[in-house]
Chemist: 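So that we are looking at the same thing, I have put the structure below in structure tokens.
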There are 2 protein chains.
Amino acid sequence: MADEKVYDCLKLENQLCFPLYACAKEVVRRYKPFLDEIDLTYTQYIAMMVMWEKKELSVKALGEYLYLDSGTLTPVLKTLESKGFVKRKRSEKDERILNVTLTADGCMLRDKALSIPTQMGKCLDLDSKDAMELYRILHKMLAGFTEASEY
Amino acid sequence: MADEKVYDCLKLENQLCFPLYACAKEVVRRYKPFLDEIDLTYTQYIAMMVMWEKKELSVKALGEYLYLDSGTLTPVLKTLESKGFVKRKRSEKDERILNVTLTADGCMLRDKALSIPTQMGKCLDLDSKDAMELYRILHKMLAGFTEASEY
DNA sequence: TATAATTTGATTGTGTACAATTAAATCAAA
DNA sequence: TTTGATTTAATTGTACACAATCAAATTATA
């Protein structure tokens, strides 16, 4: 009686959220040895990815790309600035806006990071069909989230 | 020249890890309003899921289910104990082992949690085919991880 | 133009995550 | 059986993550 079927929906193995949560953590953990070599944490790495692409960006815009708020980004960006990879500067037109720009050192770091995606790909060993499916489904979910939060 | 194709592999949109990381965070965030009602955080919730099923467990065994180490679990379990949902007690046979047991209050919480999986399911709005695919791929990845870390 | 509302980051506090170290207990080998 | 290795949690330190609040600047409105 203690293990009635009513409770099956609360079993860890029947959750979709849990493998998502656990996988995300494990993947970030697998990144660590590679990211250590370029002195970045995972959060710093994805922030740099956007910086490499955009060169200059406000904290707000960066946060929208990364799904992170200023409470998380402020310390991350301060660390990246102390490492000399980005500069933080208030906009002259609107002092509420803080613009983040890539430095020469930050730009050079891009070349050091080039090998990381391939190395990670190997260590996940997911066949390309599954990888594409996973990519598709996750982006579908994310799209649903941004849609739902804008009313 | 600044945006050569060599760097495409470092674009955020070409990563598989990033939507995984972002989705996991968003899903946990979506849980919050529901979990607030039973005074649990997400980590506490998944710990309770295992406790509801197993009734009694060592910290180590719990950590293996959740992919979490004692550095994370110790404070989580102390909080759950302070809320009266679990008891922590050293094993008499082997004092290195700390056994966690479900209390009557902890057991009762299970009924309050019953509606959460359904409510979350609605708010993710993923069709069942995609949900099954996602479940399959994530578990495949997790299996690959545990395999790779046992040598 | 005052005043109110909004935008934007920063700050604060709580709660994970995890590596590295410590400490205690148990187990294994010579 | 004593020493050495292993197991198991706890502790410490660093780094997110996010809700809530604050503060400053800008924009909109009466």
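Quick caveat: nothing in here was measured; it's all calculated off a predicted structure. Every chain is numbered from 1 and lettered A, B, ... according to where its sequence line falls, protein lines coming before strand lines.
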Chemist: Side-chain N or O of B/Tyr42 less than 4.0 angstrom from OP1 or OP2 on C/dG15?
Modeler: no
Chemist: Would you say a side-chain N or O of B/Lys25 is under 4.0 Å from OP1 or OP2 of D/dA17?
Modeler: no
Chemist: Given C/dA25, D/dA9, D/dC16, identify the nucleotide with an atom nearest to the side chain of A/Thr72.
Modeler: D/dC16
Chemist: Give a yes/no answer on whether the side chain of B/Lys78 brings an N or O atom under 4.0 Å of OP1 or OP2 in D/dT11.
Modeler: yes
Chemist: Atom NZ of B/Lys60 and atom C1' of C/dA25: how far apart are they, to the nearest Å?
Modeler: 15 Å
Chemist: Measure the shortest side-chain to side-chain distance between B/Arg136 and A/Asp130 over non-hydrogen atoms and say whether it is less than 4.5 angstrom.
Modeler: yes
Chemist: Do A/Tyr21 and B/Tyr42 have ring centres separated by under 6.0 Å?
Modeler: yes
Chemist: Need one value for A/Val76: base, sugar-phosphate or nothing, where a base atom within 4.0 Å counts as base even if backbone is also close, heavy atoms only.
Modeler: sugar-phosphate
Chemist: Identify which nucleotide among D/dA10, C/dC18, C/dT16 has an atom closest to any side-chain atom of B/Leu98, counting heavy atoms from C-beta outward.
Modeler: D/dA10
Chemist: Side-chain N or O of B/Arg29 versus OP1/OP2 of D/dA17: is the shortest distance under 4.0 Å?
Modeler: no
Chemist: Mind checking who D/dC16 pairs with, Watson-Crick or G-U wobble, both distances under 3.5 Å?
Modeler: C/dG15
Chemist: What's the closest nucleotide to the B/Arg90 side chain, out of D/dC16, C/dC18, D/dA9?
Modeler: D/dA9
Chemist: Please tell me which of the listed nucleotides, C/dA25, D/dA10, C/dA19, lies nearest to the side chain of B/Arg88?
Modeler: D/dA10
Chemist: Compare side-chain N and O positions of B/Thr43 against OP1 and OP2 of C/dA17 and report whether any pair is under 4.0 Å apart.
Modeler: yes
Chemist: Take atom CG of B/Leu68 and atom C1' of C/dA19, then tell me their distance rounded to the nearest Å.
Modeler: 14 Å
Chemist: May I ask you to say what A/Ser70 touches in the nucleic acid, namely base, sugar-phosphate or nothing, with a heavy-atom cut-off under 4.0 Å?
Modeler: base
Chemist: To the nearest Å, how far apart are B/Arg96 CZ and C/dA23 C1'?
Modeler: 12 Å
Chemist: In whole Å, what is the span from the CG atom of B/Leu77 to the P atom of C/dG15?
Modeler: 14 Å
Chemist: Please give, in whole Å, the distance from C/dT7 C1' to A/Ile97 CD1?
Modeler: 9 Å
Chemist: Using a cut-off of strictly less than 4.0 Å, decide whether B/Tyr21 has a side-chain nitrogen or oxygen near OP1 or OP2 of D/dA17.
Modeler: yes
Chemist: Could you check whether A/Ser58 gets within reach of a base, just the sugar-phosphate, or nothing at all, counting any heavy atom under 4.0 Å?
Modeler: sugar-phosphate
Chemist: From the list D/dA9, C/dA19, C/dA25, which nucleotide is the closest neighbour of the side chain of A/Lys32?
Modeler: C/dA19
